[in-house]
2 protein chains.
Amino acid sequence: MTMPTGLAHECVSLVPLFNQLTHADKETIESIVHQHHYQPGETIFSAGDSLDSLMIIASGQVKVYQLAENGKEQLLYLLKTGDFEGESALFSQTTRQSFGEALLPTAICQIERSDFQMLMQQYPSISINLLNEFGHRLSKLEKRTTQATTSSIESRLADYLVETSAGLKETTFKLPLKKKDLATYLGTTPETISRKLKDFEDQGFITQGGGKKVTILDSDALALIS
Amino acid sequence: MTMPTGLAHECVSLVPLFNQLTHADKETIESIVHQHHYQPGETIFSAGDSLDSLMIIASGQVKVYQLAENGKEQLLYLLKTGDFEGESALFSQTTRQSFGEALLPTAICQIERSDFQMLMQQYPSISINLLNEFGHRLSKLEKRTTQATTSSIESRLADYLVETSAGLKETTFKLPLKKKDLATYLGTTPETISRKLKDFEDQGFITQGGGKKVTILDSDALALIS
DNA sequence: CGACACTTTGATGCGCGTCAACCTCAGTGG
DNA sequence: CCACTGAGGTTGACGCGCATCAAAGTGTCG
């Protein structure tokens with residue numbers, strides 16, 4: 001399944017994970033990655049799959065979500081180019097607990113568990129980079145959990161708009177998710193998102209254009225919503 | 001602040017983090033830890049503090065929580081002997097985002113950021129152990145977030161009871177938290193906890209004894225609550 | 001034994017999920 | 001080029017779960 005394209009090179013050079021390595025080191029890594037391509041809507045992995053490789057997004061976009069017992073979907077992460085996914089742990093778990101689905105045409109590089117563990121032994125900087133990334137994810141998840149259990153939907157949506165805008169450094173932007181997915185991300189329903197956005201518009205905090213476009217007019221007011 | 005007790009030894013030998021090290025290695029680590037003691041109710045660290053050391057619980061119990069903007073408390077972790085806390089990242093963050101409070105008389109060993117990073121360079125197994133731990137925390141948090149946004153309080157409480165019972169390998173046990181803290185852990189209020197526990201009792205799933213004691217009668221029924 | 005924190009119980013209200021109908025729009029085939 | 005279709009989005013009506021407020025009960029530690 002390994003292909004003779006430049007994609008392996010992209011994977012390795014793109015990812016912050018391998019930042020500190022020399023060119024030669026990166027080449028040895030390139031030789032052990034495997035590649036796959038996925039179409040929008042295609043499932044990349046499912047809960048229950050055995051977890052035997054680290055996946056790196058070479059291009060495209062992947063949504064990672066869990067299903068609750070009642071069948072409800074919870075969007076956990078949205079992975080973009082350069083992000084990676086190893087179920088938070090190529091270490092502890094052996095079975096996946098979440099689903100991955102391509103939202104765009106997506107190319108993925110995989111490194112086998114054993115190969116990756118060898119790499120970590122050989123290049124300690126990889127572990128440090130991984131710890132960094134895990135630390136960030138943990139902090140963000142802690143904040144999300146706190147928000148999910150203590151704040152209103154209104155507040156969570158406002159916060160999401162402000163953060164997304166800040167992340168893109170644009171006050172006008174297109175929502176990166178379908179409302180349905182945004183709803184599961186925030187732990188609510190599309191209907192409620194619709195209503196709250198309308199409320200925000202009525203209060204003059206935002207304006208909505210066609211095609212999921214949003215303009216933030218008063219981010220301070222949004223940030224103050226409790 | 002370093003003290004000549006055997007506590008430093010305990011810290012290092014207790015923690016899974018340092019499992020694979022030789023006795024000699026552990027002794028060098030013991031020489032660089034600092035120690036502190038705290039009384040129940042005492043605050044160990046606060047949000048906004050600078051984050052410059054890894055903390056290991058030598059004995060006692062610590063609750064780690066965040067405050068939402070509306071002032072509500074969210075219990076994130078309950079740390080027991082052998083657990084550690086470095087705000088999920090001695091790496092990325094420089095400022096703490098959570099609070100730590102001793103619930104029992106508690107002894108804590110600290111390792112300075114720079115010392116710890118040196119240790120990780122020297123002993124790669126420490127990084128691997130850390131990655132393991134972070135992986136576990138991430139998985140658990142992902143599950144909690146999913147539950148928080150998709151399931152009812154009833155379901156979350158039922159799940160908590162089952163998991164706690166399974167963790168202790170006892171069907172009769174004392175709740176390790178005050179109802180007030182349990183409430184913030186599950187993202188609800190003490191009143192609701194009271195009522196739901198009564199419901200469970202009425203339905204014959206559990207019985208309640210004095211002093212936070214609970215006996216699980218039908219864990220299957222509890223697990224089925226959606 | 002008194003004071004204070006925790007817990008329980010009841011009454012009330014509101015946020016948001018649910019269900020259903022309608023609207024919009026992009027893609028498809030005639 | 002336009003009607004057809006189906007998915008995503010919007011809007012309204014309604015009800016339930018749980019937070020909130022208040023007050024009485026219980027435990028615990030000095």
Side-chain angles (χ1 to χ4, degrees), chain A residues 39-41 63 68 70-75 101 103-104 146-158 160 174-203 206-214 225-226, chain B residues 39-42 63 68 70-75 101 103-105 146-158 160 174-203 206-214 225-226:
Chain A
Q39 296 308 310
K63 79 169 183 186
N70 53 31
K72 280 199 199 164
E73 182 178 319
Q74 161 74 20
L75 204 164
E101 178 188 327
L103 293 183
L104 303 174
T146 299
Q147 276 197 144
T149 52
T150 59
S151 307
S152 65
I153 296 282
E154 194 162 275
S155 154
R156 275 182 265 165
L157 176 58
Y160 173 83
K174 202 167 122 276
L175 291 173
L177 289 168
K178 285 180 284 199
K179 291 230 170 86
K180 199 176 68 164
D181 287 331
L182 179 54
T184 81
Y185 182 80
L186 295 174
T188 181
T189 58
E191 293 95 322
T192 299
I193 304 251
S194 255
R195 290 187 243 268
K196 294 302 179 188
L197 284 179
K198 192 141 147 297
D199 288 352
F200 290 164
E201 198 168 17
D202 289 347
Q203 295 175 65
I206 67 169
T207 59
Q208 299 187 65
K212 301 198 196 67
K213 209 174 295 173
V214 174
I225 292 175
S226 71
Chain B
Q39 296 309 310
E42 207 171 338
K63 80 169 180 186
N70 54 30
K72 281 200 199 161
E73 183 177 319
Q74 160 75 20
L75 205 164
E101 178 188 326
L103 293 182
L104 303 173
T146 298
Q147 275 197 146
T149 53
T150 59
S151 307
S152 66
I153 296 283
E154 195 161 277
S155 154
R156 276 181 266 166
L157 176 58
Y160 174 84
K174 203 167 121 274
L175 291 174
L177 289 168
K178 285 180 286 203
K179 290 230 171 88
K180 199 176 67 161
D181 287 330
L182 180 53
T184 81
Y185 182 79
L186 295 175
T188 182
T189 59
E191 292 95 322
T192 299
I193 303 254
S194 255
R195 288 186 243 268
K196 295 300 179 188
L197 283 179
K198 192 140 148 293
D199 287 352
F200 290 163
E201 197 167 19
D202 289 348
Q203 295 174 66
I206 67 168
T207 58
Q208 298 186 65
K212 302 200 196 65
K213 209 173 296 174
V214 174
I225 293 176
S226 70

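A note on names: the letters A, B, ... follow the listed sequences, proteins ahead of strands, and every chain is numbered from 1.
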Do B:Thr184 and B:Gln74 have side-chain N/O donor and acceptor atoms under 3.5 Å apart?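 There is no such pair between these side chains.
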With no hydrogens and no angle check, just 3.5 Å: does a side-chain donor-acceptor pair link A:Thr192 and A:Thr189?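 Present: a donor and an acceptor within the cut-off.
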When you measure from the side-chain N and O atoms of [X] to the phosphate of [N], is any distance below 4.0 Å, counting only OP1 and OP2?
| X | N | result |
| --- | --- | --- |
| B:Lys196 | D:dC18 | yes |
| A:Thr188 | C:dG17 | yes |
| A:Lys72 | C:dT18 | yes |
| B:Ser194 | C:dT7 | no |
| A:Lys179 | D:dT10 | yes |

Point-to-point distance, once rounded to the nearest 0.5 Å, from CD1 of B:Ile206 to CG of B:Leu157: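 Here the interatomic distance stands at 7.5 Å.
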[X] [atom1] - [N] [atom2] separation (whole Å):
| X | N | atom1 | atom2 | value |
| --- | --- | --- | --- | --- |
| A:Ile153 | C:dT18 | CD1 | P | 11 Å |
| A:Lys178 | D:dA7 | NZ | C1' | 9 Å |
| A:Leu175 | D:dG9 | CG | P | 10 Å |
| A:Asp202 | D:dT10 | CG | C1' | 14 Å |
| B:Leu186 | D:dA19 | CG | C1' | 15 Å |
| A:Leu177 | D:dG8 | CG | C1' | 14 Å |
| A:Arg156 | C:dG15 | CZ | P | 14 Å |
| A:Asp181 | D:dA7 | CG | C1' | 13 Å |

Closest contact, heavy atoms only, B:Leu177 versus B:Lys212: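 So the minimum-distance heavy-atom pair works out to O-CD, 3.4 Å.
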Of all heavy-atom pairs between B:Pro190 and B:Ala183, which one has the smallest distance, and what is that distance?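 Nearest heavy atoms, B:Pro190 then B:Ala183: N-CB, 3.5 Å.
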With a non-hydrogen cut-off below 4.0 angstrom, is A:Gly211 in contact with a base, only sugar-phosphate, or nothing?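 No contact.
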Within the 4.0 Å heavy-atom criterion, would you say A:Gly187 contacts the bases, only the backbone, or no part of the nucleic acid?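 Here A:Gly187 touches the backbone only, sparing every base.
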Measuring from the side chain of A:Ser152 (C-beta onward, heavy atoms only), which nucleotide among C:dT7, C:dC16, C:dT18 has the closest atom?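 When the side chain of A:Ser152 is considered, C:dC16 is the closest of C:dT7, C:dC16, C:dT18.
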Options C:dT8, C:dT18, D:dG8, nucleotide nearest the side-chain atoms of B:Gln208: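 Nucleotide nearest to B:Gln208's side chain: C:dT8.
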Side-chain donor/acceptor contact of B:Glu191 with base of D:dC21 under 3.5 Å: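 When only heavy-atom distances are counted, B:Glu191 does reach the base of D:dC21 through a donor-acceptor pair under 3.5 Å.
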Between the side-chain atoms of A:Arg195 and the base atoms of D:dG12, is any donor-acceptor pair under 3.5 Å?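 When only heavy-atom distances are counted, A:Arg195 does reach the base of D:dG12 through a donor-acceptor pair under 3.5 Å.
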